[in-house]
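Here's the structure we're looking at; comments come further down.
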Amino acid sequence: RKDVPLYFHEDNQAMIQVVKTGRNPTMRHLGRVHKIAVAWLNEHTLASGGRDKKVVVWRVEDTGADAVMVSKIATIDQGAAVGALAVRLGGAGDGINAAPLLAVGTDDGGVSLWAPSDAATLMGWTLTARADAEIARHSGAVRAAAFGSNDSARFLATCGDDGAVVISEVLEESKTT
C-alpha cells in the first residue's frame, strides 16, 4: 500500500500527485488505461473509468501529515471503454433520492445509470438503466456527460464523437409503501 498525496485548491480543482508504485492492483485499473474520466461521489469517494471497460470507485481518506490513503471499494464492469462519467448527488429537488446516481458514457455510444446498493458505504452498485447507442441517440463514442444542477438534476446531457448533444430526462419510479 502506498499513500498518494492529494492537494485541494480553493477553486475546487484537485491535483493528484501520482507516485510511481509499480504494479499495485489495489490502486490501479486492471488493464491499460489511455484515458480516464473522474467524478466525485462525495467528499471521500470518487469514481474513475477508462479504456479497461471498468468504473472503479475509490475511497480517499485523510491520514494526516499532508497525505491521503486511496483504496478501491468497488469495480463496475461496463462492456465497453468508458468515455464519460457524471454524478448526480442526492438530495436534489423533484423527488430525487438521497443516494447518488452515476451516469457512464461508453465508446460504443451507450449510456448507463448506476445506483449504490448501500448509499452509506457505496461499495455495491446496481444497474438502474442502460441505453444502447440507438436509444441513447449517439452514433459514436460518448465523451462527456453532466447532470443539471439543483432542480434540473433530473436531466442528463451527453455528447460525443458524433457531434450530437443529447438531453435526457431521468425519471424515477414511484415507490409505494
Side-chain angles (χ1 to χ4, degrees), residues 6 8-9 11-16 18 27-60 70 72-92 94 96-97 99-117 119 122-172:
L6 182 69
F8 292 92
H9 300 276
D11 63 355
N12 291 329
Q13 293 181 356
M15 177 177 65
I16 300 174
V18 178
M27 293 188 63
R28 299 169 57 106
H29 281 261
L30 295 179
R32 186 179 301 187
V33 178
H34 293 286
K35 65 178 181 176
I36 192 165
V38 176
W40 285 92
L41 296 159
N42 61 38
E43 67 181 62
H44 298 289
T45 312
L46 65 92
S48 64
R51 296 205 57 80
D52 62 350
K53 303 178 183 180
K54 297 182 185 325
V55 171
V56 178
V57 181
W58 307 92
R59 174 87 61 214
V60 180
V70 180
K72 184 188 303 185
I73 61 172
T75 301
I76 310 167
D77 291 320
Q78 296 300 309
V82 176
L85 290 175
V87 173
R88 183 188 70 194
L89 299 176
D94 296 320
I96 304 299
N97 295 329
L101 186 65
L102 179 63
V104 181
T106 54
D107 279 5
D108 64 0
V111 176
S112 58
L113 299 175
W114 296 83
S117 304
L122 301 176
M123 293 179 80
W125 289 81
T126 302
L127 178 66
T128 62
R130 168 85 176 134
D132 62 17
E134 183 178 341
I135 295 170
R137 298 184 303 268
H138 284 289
S139 61
V142 177
R143 299 291 181 206
F147 281 101
S149 59
N150 301 328
D151 289 340
S152 64
R154 70 180 186 273
F155 294 103
L156 174 67
T158 57
C159 63
D161 287 350
D162 57 3
V165 176
V166 178
I167 309 292
S168 303
E169 186 172 10
V170 178
L171 300 174
E172 305 227 7

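Model, not experiment: these values are computed from the prediction.
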*asked:* Checking Arg143 against Asp161 for the side-chain contact (heavy atoms from CB on, under 4.5 Å) test, could you report, in this order, the C-alpha distance in whole Å, the side-chain angles of both residues, the deciding distance, and whether it holds?
replied: CA-CA 7 Å; Arg143 299 291 181 206; Asp161 287 350; 3.0 Å; yes

*Reference residue Arg59; test side-chain contact (heavy atoms from CB on, under 4.5 Å); the match among Ile73, Leu41, Leu46, Val70*: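 It is Ile73, the one option of Ile73, Leu41, Leu46, Val70 that forms the side-chain contact (heavy atoms from CB on, under 4.5 Å) with Arg59.
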
Distance-minimising heavy-atom pair for [X] and [Y]:
| X | Y | result |
| --- | --- | --- |
| Gly109 | Ala136 | O-CB, 3.6 Å |
| Val142 | Gly110 | CG2-O, 3.8 Å |
| Trp125 | Ala74 | CD1-CB, 3.9 Å |
| Pro116 | Pro100 | CD-O, 3.1 Å |

*asked:* For Val82 and Lys53: C-alpha separation, side-chain torsions, deciding distance, then whether side-chain contact (heavy atoms from CB on, under 4.5 Å) applies.
replied: CA-CA 6 Å; Val82 176; Lys53 303 178 183 180; 6.0 Å; no

Between [Y] and [X], is there a side-chain heavy-atom distance shorter than 4.5 Å?
| X | Y | result |
| --- | --- | --- |
| Thr45 | Trp58 | no |
| Ser112 | Leu127 | yes |
| Trp40 | Val60 | yes |
| Gln78 | Val55 | yes |
| Val104 | Arg130 | no |

How long is the span from the [atom1] atom in [X] to the [atom2] atom in [Y], to the nearest 0.5 Å?
| X | Y | atom1 | atom2 | result |
| --- | --- | --- | --- | --- |
| Leu122 | Ser117 | CG | OG | 10.0 Å |
| Cys159 | Ile167 | SG | CD1 | 9.0 Å |
| His138 | Asp107 | NE2 | CG | 12.5 Å |

*When you measure from the side chain of Thr128 to the backbone N and O of Leu113, does any donor-acceptor pair fall under 3.5 Å?*
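Yes, Thr128 side chain to Leu113 backbone: donor-acceptor pair under 3.5 Å.
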
_side-chain contact (heavy atoms from CB on, under 4.5 Å), that's the test. Do Trp114 and Leu101 meet it? Break it down for me._
CA-CA 6 Å; Trp114 296 83; Leu101 186 65; 5.9 Å; no

*Between Asp162 and Arg137, is there a salt bridge with N-O shorter than 4.0 Å?*
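Looking at Asp162 together with Arg137, the answer is no, because their closest N to O distance does not fall below 4.0 Å.
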
*Got more than 12 heavy atoms from elsewhere within 6.0 Å of CD, Glu169?*
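Enclosed: over 12 neighbouring heavy atoms sit under 6.0 Å from CD of Glu169.
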
